[in-house]
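Please read the structure below before turning to the comments.
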Number of protein chains: 2
Amino acid sequence: MDRFLSNAVNNIDSKGRVSVPAIFRQVLAQRADPQLYALQSIAHPAIDVGGMDLLQRYEDRMKAEDPFSETFADMSLFTYGDGAFLKFDSEGRITVTDFIRTHTGITDRVAFVGRNDFFQLWEPSQFEAHRAQARARLARLHLSKGVSQSTPE
Amino acid sequence: MDRFLSNAVNNIDSKGRVSVPAIFRQVLAQRADPQLYALQSIAHPAIDVGGMDLLQRYEDRMKAEDPFSETFADMSLFTYGDGAFLKFDSEGRITVTDFIRTHTGITDRVAFVGRNDFFQLWEPSQFEAHRAQARARLARLHLSKGVSQSTPE
DNA sequence: TGGGCCATCTTGGGCGTCAATGGGATTGCC
DNA sequence: GGCAATCCCATTGACGCCCAAGATGGCCCA
């Protein structure tokens, strides 16, 4: 298994820690550099978490911009200023910092959501709402294209 | 870790000192020349702090300007005339001088913002405003291009 | 097929270390 | 003789590391 799939909700303990699902940790363990890179998603109240390859993707994207343009500055600020490295404790937990809480609204439970090459942290009920909306959008898309509802989503 | 990433806000004490985040100090400690050079950022009410390589960045920026222009002269003055060296005390703190305060509006708290090969000092609320604007611009960029969900957000 | 055993994961808490912060004392320069 | 920079030490709180227990699910065997 080399992708982040499925989702799970885990509890935050009194010290602000939460276990990263074992399935996700196994994916990370296969990598050369097990470092975790996290950033505050632009489109959602969620934290995007991945390995160094995630950071690399953003840097590659920035190379396409004029280094002195405002867009480049914005991207750089977002990638480095709004990013953070997460550390596992010896049990595979991460601590939920304010960096995570303020952007997501997470208080005592965390939804881990696989996104193939990275995963996200959500406040569980917000994720539920977001998922319902995404489903509705996809359903409309199918209908407008004349695709039957029985098609796998 | 060899880059400045993440942001943090620290307090200035009654003697005008502020701790540089340990993560940033660790990055600096890995360098051959641990000297810190600080410049007043051109585009923002912030101080750019980095090693001697920071100068290189500014020189590249100047190459994009017409050497006969007033802008070039101004930038040259900024880069070479208005720089300052920062010194750590034995606890890893720096003193916040007027050089820093006047350009940033910093009074009692400092936001440290990683920018990959250097970092910035901001007045916290101004940084917050700037960050919000940058994110809004990036969000618009995404929407106008209709970027798909699988793209990093 | 049902029950029990075992491996693994999630969760809880103790404890030592380090970072951030505050303040006193000393040095050096103007 | 100040003012400021520097050094040293103390306190507090956060974080990392370790060990322990409850929960879960899979597997084996009777």
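Throughout, protein chains are lettered first and strands after them, A, B, ... in sequence-line order, and every chain is numbered starting at 1. Not measured: the values here are computed from a predicted model.
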Mind checking what makes side-chain contact (heavy atoms from CB on, under 4.5 Å) contact with B/T71, not counting sequence neighbours? B/E65, B/S69, B/M75
Give me the residues of residues 108-122 of chain B where at least one heavy atom lies under 4.0 Å from an atom of DNA chain C, by number, or none. none
List for me each residue that meets side-chain contact (heavy atoms from CB on, under 4.5 Å) alongside B/E128, sequence neighbours excluded, and say none if there are none. B/R131
Applying salt bridge (charged side-chain N to carboxylate O under 4.0 Å, His left out) to B/D60 and not counting sequence neighbours gives B/K63
For residues 14-25 of chain B, which side-chain donor-acceptor pairs fall under 3.5 Å, sequence neighbours excluded?
from, atom 1, to, atom 2, distance (Å)
B/R17, NE, B/D13, OD2, 2.8
B/R17, NH2, B/D13, OD2, 2.9
B/R25, NH1, B/V20, O, 2.6

Do any side-chain atoms of residues 98-106 of chain B form donor-acceptor pairs under 3.5 angstrom with protein atoms, and if so which ones, sequence neighbours left out?
from, atom 1, to, atom 2, distance (Å)
B/R101, NE, B/V96, O, 3.4
B/R101, NH1, B/T107, O, 2.9
B/T102, OG1, B/D98, O, 2.9
B/H103, NE2, B/S41, O, 3.1
B/H103, NE2, B/H44, O, 3.2
B/T104, OG1, B/I100, O, 2.7
B/T104, OG1, B/I106, N, 3.1

Which atoms of nucleotides 27-29 of chain C (N or O only) lie under 3.5 Å from a protein N or O atom, and what are those distances?
none

Side chain of A/S14 only, please: which of C/dT11, C/dT21, C/dG13 is the nearest? C/dG13
Show me the pairs that pass salt bridge (charged side-chain N to carboxylate O under 4.0 Å, His left out) and involve residues 106-116 of chain B, at least two apart or across chains. none
Quick one: salt bridge (charged side-chain N to carboxylate O under 4.0 Å, His left out) pairs with a partner in residues 38-59 of chain B, sequence neighbours left out? B/R31-B/D53
Would you indicate which nucleotide in C/dT21, C/dT10, C/dA19 comes nearest to any side-chain atom of A/P21? C/dT10
State which residues pass ring pair (Phe, Tyr, Trp, His ring centres under 6.0 Å) with B/F68; sequence neighbours excluded, sorted by chain then number. none
For A/E123 and A/S125, indicate whether the former's side chain and the latter's backbone hold a donor-acceptor pair under 3.5 Å. yes
Protein and nucleotides 14-19 of chain D: nitrogen or oxygen contacts under 3.5 angstrom:
from, atom 1, to, atom 2, distance (Å)
D/dG16, O6, A/K15, NZ, 3.2
D/dC18, N4, A/E91, OE1, 3.1
D/dC19, N4, A/E91, OE1, 3.4
D/dC19, N4, A/E91, OE2, 3.0

Assign B/V20 to base, sugar-phosphate, or nothing according to its heavy-atom contacts below 4.0 angstrom with the strands shown. sugar-phosphate
With clusters built from Ile, Leu, Val, Met, Phe, Trp and Tyr whose side-chain heavy atoms come within less than 4.5 Å, directly or transitively, what are the remaining members of the cluster of A/L77, listed by chain and number? B/V113, B/W122, B/F127
